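This report refers to the structure that appears directly beneath it.
So that the names make sense, note that chain A is the first sequence line, chain B the second, and so on, each numbered from 1. Just so it is clear, the model here is predicted, and its values are computed rather than measured.
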There are 2 protein chains.
Amino acid sequence: MKIDNLNWSILKLLQENARYTNAEIGRTIGLSSPAVAERIKKLEDIGVIDGYKAEINHIQTGYQLKAFVTLRAFMGKLKPFLEQVKTYKEVLNCYRITGNENLVMEVVLYDQFHLEEFIDKLITYGEVRTSIVLSNVIENNPIGKNR
Amino acid sequence: MKIDNLNWSILKLLQENARYTNAEIGRTIGLSSPAVAERIKKLEDIGVIDGYKAEINHIQTGYQLKAFVTLRAFMGKLKPFLEQVKTYKEVLNCYRITGNENLVMEVVLYDQFHLEEFIDKLITYGEVRTSIVLSNVIENNPIGKNR
DNA sequence: AATGAAATATACTCCCT
DNA sequence: AGGGAGTATATTTCATT
């Protein structure tokens, strides 16, 4: 897939603010609004744009803690966990990874008690490592143009 | 901050698709479009909604690898790195964390050579651990209603 | 693949409840 | 805090280049 400069400009703007109108985008990059609409539709169709998501401040919604939790699954426990994890609403993201651990999860939690409950759910599946997020150094840095 | 059921419904919808119109949201939850607009504006003003972001498929844009990279900084190297990391366009997110490592970064990379270059930039600042993402188990699970 | 114009839908503002 | 009306703006479709 080849992405031209205009499409990169559109992607940049939509990563900054997914609610920009086609007209606004068009004015910024020097294109008519139907042209912008057509380009965005194509980017969606070919899967370059996966979707549009509101960024929620988890602290403001009552989730006081954010953490990265890794799991090194016990023998035969990875597969059942991959099903179970889908039922955990604390988990924002979960990835299979290389290395000593099998999975890394990004989770939000109400408080320390909630964290304890969450870890308790995991320890039957494998070794758990928890890293609590202290602050955001970089958040949602947009993907830019390829070389 | 107290979030009522209607606002939770709005947040749910906007996490699914930030480009839903106020009219669509209003029809779904049984509210007029100006009422939806007013509620969304308030959620933005008080910081519950941080923004709206297009989700970009990094593979489709030429970034073949995604990885989690942790840094355990050498003595006196954490602070300079916190400035330096802001200049790295590969880094989507970077968080200060508790535990053996000081930082975790979510990065996208063109290929293995790019990964090697990236790690080389970090090793002067501390111990680096790299976990390459193999697959997405859960991605962008929306934050739901507090208990 | 982009433009301009017409038709439709949505957003915004104001006033009323 | 929400509804309804009127106006401005945006989106969509289509014909044209």
Going by atom types alone, do Tyr52(A) and Glu44(A) pair a side-chain donor with an acceptor below 3.5 Å?
-> yes

Quick note, Ala23(B) side chain, CB onward, closest among dA10(D), dT10(C), dC12(C) is dT10(C)

Could you state the CD1-C1' distance from Ile29(A) to dA2(C), rounded to the nearest angstrom?
-> 12 Å

Whichever hydrophobic residues join Phe118(B) through chains of side-chain contacts under 4.5 Å = Val137(A), Ile138(A), Leu65(B), Val69(B), Leu71(B), Leu78(B), Phe81(B), Leu82(B), Val85(B), Tyr88(B), Val91(B), Leu103(B), Met105(B), Val107(B), Leu109(B), Leu115(B), Ile119(B), Leu122(B), Ile123(B), Tyr125(B), Val128(B), Ile132(B)

Round to the nearest Å and state the distance from Tyr20(B) atom OH to dT11(D) atom P.
-> 18 Å

Whether Glu55(B) side chain and Lys53(A) backbone form a donor-acceptor pair below 3.5 Å = no

Quick note, Arg39(B) side chain, CB onward, closest among dG3(D), dA10(D), dA1(D) is dA1(D)

Send over the distance from Leu6(A) CG to dA2(C) P, rounded to a whole Å.
-> 7 Å

With a 4.0 Å cut-off on heavy atoms, is Thr21(A) in touch with a base, just the backbone sugar-phosphate, or nothing at all?
-> sugar-phosphate

Please answer whether the main-chain N or O of Tyr20(A) pairs with a side-chain N or O of Arg19(B) as donor and acceptor at a distance below 3.5 Å.
-> yes

Interatomic distance where CD1 belongs to Ile40(B) and P belongs to dG2(D) [whole Å] = 12 Å

Out of dA10(D), dG4(D), dT13(D), minimum distance to the side chain of Pro34(B) belongs to dG4(D)

Looking only at side-chain atoms of Leu31(A), point me to the closest of dA2(C), dT12(D), dG2(D).
-> dA2(C)

Of the listed nucleotides dT12(D), dG3(D), dC12(C), the one nearest the side chain of Ala35(B) = dG3(D)

Identify whether the distance between the nearest side-chain nitrogen and carboxylate oxygen of Glu16(B) and Lys12(B) falls below 4.0 Å.
-> yes

Between dT3(C) (C1') and Arg27(A) (CZ): distance, integer Å | 16 Å

Asp4(A) CG to dA2(C) P, straight-line distance once rounded to whole Å | 8 Å

Find the distance Glu38(B):CD to dC16(C):P and express it as a whole number of Å.
-> 17 Å

Whole angstrom is fine here: how far is it from CD1 in Ile25(A) over to C1' in dA2(C)?
-> 16 Å

Of Gly30(A) and Arg19(A), the one whose closest nucleotide on DNA chain C sits nearer the 5' end is Gly30(A)

What is the nucleic acid contact for Lys41(B), judged by heavy atoms within less than 4.0 Å: base, sugar-phosphate only, or nothing?
-> nothing

